[in-house]
There are 2 protein chains.
Amino acid sequence: MSPEPRELLKNTGLRTTAPRIAVLEWLADHPHATADQVARGVRAKLGSVSTQAVYDVLHAFQRTGLLRRIEPAGHPARYETRIGDNHHHLVCRRCGKTEDVDCVHGAAPCLEPSATAGFAVEEAEVLFWGLCPDCQSAQRSQP
Amino acid sequence: MSPEPRELLKNTGLRTTAPRIAVLEWLADHPHATADQVARGVRAKLGSVSTQAVYDVLHAFQRTGLLRRIEPAGHPARYETRIGDNHHHLVCRRCGKTEDVDCVHGAAPCLEPSATAGFAVEEAEVLFWGLCPDCQSAQRSQP
DNA sequence: ACGTTTTCTTGAACTAGTCAAGAAAACGAC
DNA sequence: GTCGTTTTCTTGACTAGTTCAAGAAAACGT
């Protein structure tokens, strides 16, 4: 389904290394994972990988457009491989759980602010804040 | 124009103290200021105020709805007194400068995601990322 | 196989913000 | 006014998430 990690790396001009492949594989299975979760996942596959390596890999992927980083206020950043389709996110205020939401207003939605104040706008980011199902029930038991 | 700080505090049930008044005054003049900028501004007026006091004041105001906090990825949080009208923000990727944008699609815009995955959505946040005028010209001279 | 370039390891550092304990100031009742 | 309670402010240590720096190691192109 998703393109082979090795292929992806080659096409992007990045060297193929074990950590990179592992990161791609993990993120394919676990979208919206945090850097820490990625690190654990990768270590589970490869034995030991330094934290720095994970961050470097994530940065390289971001730079080359293989990955998108979302950084919800008050929560660690999360990474996803679904890119280029301008979708948005639901974020749980309590636990940070993140889900995709397709764009409401067609393809490029709120992409055009009414007045740009001279800014060169490149991207519109839409975050829906709320409580995920789990945290809703947790809230009910102990408010 | 803007309601008297003392009035505001009384109406909200908060005690009126010098730091609180100074924070409200500073933010009225400097919307989208960071906690650090607020601290400096308040210190300029009052002599010395602890960092913690500034954060406590900001938190109290947030809790009571006097203030809204925006936390653009990669930049320190910013605070604004314009609240309750669901407007959005332009943020400069480079320097973090933030400006208001009125909502594109009427009053409550993208407030309704297509599918909520069971989330109880309370708020929609829209951020337009780009380069502010200053950083555009800075970019041109040294890329 | 060789040399260059890129990536990974180790370990220290940094920023924005939080926690904790006590001193001080503001409100409400008398 | 003054007293007692409640809330706020000061000081200073601490944290999470991420980045910086230097060198060792691995991948690619020839």
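Values reported hereafter were calculated over all heavy atoms of this structure, with side chains retained and with hydrogens, waters and symmetry mates removed. Convention: sequence-line order gives letters A, B, ...; per-chain numbering from 1.
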His89(A) and Glu125(B) side chains, donor-acceptor separation under 3.5 Å: no

Point-to-point distance, once rounded to the nearest 0.5 Å, from CG of Leu58(A) to CZ of Arg63(A): 12.0 Å

Nearest-0.5 Å distance, OG1 of residue Thr64(A) to NE2 of residue His59(A): 12.5 Å

Intermediate values then yes/no, salt bridge (Lys or Arg N to Asp or Glu O under 4.0 Å), Asp102(A) and Arg82(A): CA-CA 12 Å; Asp102(A) 289 322; Arg82(A) 183 179 163 188; 2.7 Å; yes

Heavy-atom protein contacts under 4.0 Å, nucleotides 19-30 of chain C, coded B base, S sugar-phosphate only, - none: BB-----BS---

Donor-acceptor side-chain pairing of Glu25(A) and His30(A) below 3.5 angstrom: no

Whole-Å gap separating P (dT11(D)) and OH (Tyr55(B)): 17 Å

Side chain proximity check, Ile83(B) to Leu67(B), heavy atoms < 4.5 angstrom: no

Sugar-phosphate, base or nothing in reach of Ala60(A), heavy atoms under 4.0 Å: nothing

His59(B) side-chain N/O to dG17(C) phosphate OP1/OP2 under 4.0 Å: no

Side chain proximity check, Val38(B) to Thr34(B), heavy atoms < 4.5 angstrom: no

Interface residues of residues 63-76 of chain A with DNA chain C (non-hydrogen, below 4.0 angstrom): none

Any donor-acceptor N or O pair under 3.5 Å, side chains His32(A), Asp100(A): yes

Protein-nucleotide distance (Asp56(B), atom CG; dT11(D), atom P), rounded to Å: 14 Å

Whole-Å gap separating P (dT8(D)) and CG (Leu58(B)): 14 Å

Least distance between heavy atoms, Cys92(B) atom then Cys132(B) atom: SG-N, 3.3 Å

SB check Arg69(B) Glu71(B) (cutoff 4.0 Å): yes

Spacing of Lys97(B) atom NZ and Asp134(B) atom CG [to the nearest 0.5 Å]: 5.5 Å

Contact residues, residues 30-50 of chain B to DNA chain D [heavy atom, < 4.0 Å]: Ser48(B), Val49(B), Ser50(B)

